Amino acid sequence: MGRDTIADIITSIRNANMDRKGNLRIASTNINENISKILLREGFIENVRKHQEGKKSFFVLTLRHRRNRKGPYRTSFNLKRISRPGLRIYSNYQKIPRILGGIGIVILSTSRGIMTDREARLERIGGEILCYIW
């Protein structure tokens, strides 16, 4: 059985965010690279660097955290995996859901690559809904 790399990156980011970790290491794949670039562009993470140790390469993500550490801790963002290997969810560009009225983003895998819901609507192209981020 194959590994679900998208679920791995989402779970790693969620766990690191809840533990208030500053940095996070994820495997270096094309999907992970595209998703991390989208997260960086949309402002959910601070930095993405590519490192290599021997023959293995990986990405180091720097997460954003609340500056005020007083009071109960709240996660700065939430991630939810939608399409999975056992149940693929597809949508055309007209029916792509809006998360929190457009505040959140939907990451889609389209025929033109991995993109956000806004980009997909502008290009009038649908695809597989990978995850929600808000």
Side-chain angles (χ1 to χ4, degrees):
M1 183 177 279
R3 294 187 57 187
D4 187 8
T5 58
I6 300 168
D8 290 343
I9 186 175
I10 289 173
T11 303
S12 298
I13 292 172
R14 186 183 306 124
N15 290 341
N17 194 24
M18 290 181 69
D19 289 341
R20 297 185 189 184
K21 302 249 179 181
N23 295 326
L24 165 70
R25 289 172 61 166
I26 59 172
S28 175
T29 63
N30 289 336
I31 294 173
N32 289 351
E33 181 179 7
N34 292 331
I35 290 175
S36 59
K37 283 181 182 178
I38 288 174
L39 291 175
L40 179 65
R41 189 175 59 229
E42 295 291 328
F44 290 106
I45 60 176
E46 287 185 14
N47 193 10
V48 178
R49 295 182 310 257
K50 188 170 184 177
H51 284 284
Q52 189 164 357
E53 288 180 2
K55 293 184 178 182
K56 291 193 172 192
S57 61
F58 56 91
F59 293 109
V60 177
L61 306 178
T62 305
L63 300 177
R64 273 189 203 277
H65 288 291
R66 248 182 4 151
R67 300 294 182 224
N68 184 7
R69 302 238 180 219
K70 296 176 184 174
Y73 178 71
R74 295 184 194 188
T75 58
S76 57
F77 62 96
N78 296 313
L79 299 107
K80 184 177 180 185
R81 177 83 158 115
I82 301 302
S83 184
R84 52 192 172 87
L87 179 65
R88 303 287 187 185
I89 307 294
Y90 297 96
S91 176
N92 63 9
Y93 76 95
Q94 296 166 336
K95 295 183 181 177
I96 297 173
R98 294 188 190 273
I99 306 303
L100 294 178
I103 296 173
I105 63 169
V106 177
I107 297 181
L108 295 129
S109 175
T110 66
S111 60
R112 295 185 190 156
I114 296 177
M115 60 180 64
T116 64
D117 56 339
R118 291 181 210 113
E119 295 168 348
R121 283 189 197 99
L122 286 175
E123 294 189 23
R124 301 174 67 94
I125 187 170
E128 180 183 356
I129 298 176
L130 298 179
C131 61
Y132 297 157
I133 302 172
W134 69 96

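Only a predicted model underlies this, so the values are computations on that prediction, with no experimental measurement involved.
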Closest approach of I13 to F77 (non-hydrogen atoms, all atoms of both residues)
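Looking at all heavy atoms of both residues, the closest pair is CG2-CZ, 3.5 Å.
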Criterion side chain to side chain contact (heavy atoms under 4.5 Å, CB included) against I38, the qualifying member of I133, I45, T116
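Option passing the side chain to side chain contact (heavy atoms under 4.5 Å, CB included) with I38: T116.
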For a 4.5 angstrom cut-off between non-hydrogen side-chain atoms, does R49 reach N47?
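Yes; the side chains approach each other to less than 4.5 Å.
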Tell me whether I103 shares a hydrophobic cluster with F44, the cluster being built from Ile, Leu, Val, Met, Phe, Trp, Tyr side chains joined at under 4.5 Å.
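Cluster IDs for I103 and F44 differ.
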Passes side-chain contact (heavy atoms from CB on, under 4.5 Å), D117 versus I105? Steps please.
CA-CA 6 Å; D117 56 339; I105 63 169; 4.2 Å; yes
Given S83, which of I89, I107, I6 fulfils the side chain to side chain contact (heavy atoms under 4.5 Å, CB included) condition?
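Only one option passes, and that is I89.
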Look up atom CZ in R98 and atom CZ in R118, then write down how far apart they are to the nearest 0.5 Å.
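Interatomic distance, R98 CZ to R118 CZ, rounded to 0.5 Å: 9.0 Å.
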If you draw a 6.0 Å radius around CZ in R88, do more than 12 non-hydrogen atoms from other residues or ligands fall strictly inside?
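Check passes, neighbour count above 12.
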Could you state whether I35 and Y132 fall into the same hydrophobic cluster, counting links through intermediate Ile, Leu, Val, Met, Phe, Trp or Tyr residues with side-chain heavy atoms under 4.5 angstrom apart?
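No, separate clusters.
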Can you name the closest pair of heavy atoms from I10 and C131 and give their distance?
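In terms of heavy atoms, the two residues are closest at CD1-CB, 3.5 Å.
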Please answer: with hydrophobic residues joined when any side-chain heavy atoms are less than 4.5 Å apart, are L40 and I114 in the same cluster?
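Yes, because L40 and I114 connect within a single hydrophobic cluster, where side-chain heavy atoms sit under 4.5 Å apart.
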Closest non-hydrogen atom pair, Y93 against R121:
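Looking at all heavy atoms of both residues, the shortest contact is O-CG, 3.8 Å.
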CZ on R25 to NZ on K56, rounded to 0.5 Å:
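K56 NZ to R25 CZ: 9.0 Å, rounded to 0.5 Å.
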Please report the closest heavy-atom contact between I125 and S111, naming both atoms and the distance.
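Heavy atoms only, the tightest pair is CD1-OG, 3.2 Å.
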To the closest 0.5 Å, what do you measure between CD (E128) and OG (S91)?
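Those atoms lie 11.5 Å apart.
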Flag side-chain contact, heavy atom, 4.5 Å: L79 against R81
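No. Closest side-chain heavy atoms not under 4.5 Å.
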Nearest 0.5 Å please: distance from the NE2 atom of H51 over to the CZ atom of F59.
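Here the interatomic distance stands at 11.0 Å.
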Start with the C-alpha distance between V48 and E33, add both sets of side-chain angles, then the distance that settles side-chain contact (heavy atoms from CB on, under 4.5 Å), and finish with yes or no.
CA-CA 9 Å; V48 178; E33 181 179 7; over 6 Å; no
Is there a donor-acceptor contact under 3.5 Å from the side chain of N34 to the main chain of N30?
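Pair found, side chain donor or acceptor close to backbone of N30.
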ILVMFWY network linking L61 to I31, side-chain heavy atoms under 4.5 angstrom:
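Same hydrophobic cluster.
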Test log, rule side-chain contact (heavy atoms from CB on, under 4.5 Å), inputs D8 and I26:
CA-CA 8 Å; D8 290 343; I26 59 172; over 6 Å; no
Candidate pair E123 and T110, rule side-chain contact (heavy atoms from CB on, under 4.5 Å), full reasoning
CA-CA 11 Å; E123 294 189 23; T110 66; over 6 Å; no
Say whether I82 and I9 are linked into one hydrophobic cluster, either directly or through other cluster members, by side-chain heavy-atom distances under 4.5 angstrom.
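No, no single cluster joins them.
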Which heavy atom in I129 sits nearest to a heavy atom in P97, and how many Å separate them?
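For I129 versus P97, the nearest heavy atoms are CD1-CD, 3.8 Å.
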Atom of L63, atom of N17 and distance for their closest heavy-atom approach
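Of all heavy-atom pairs spanning L63 and N17, the closest is CD1-N, 3.8 Å.
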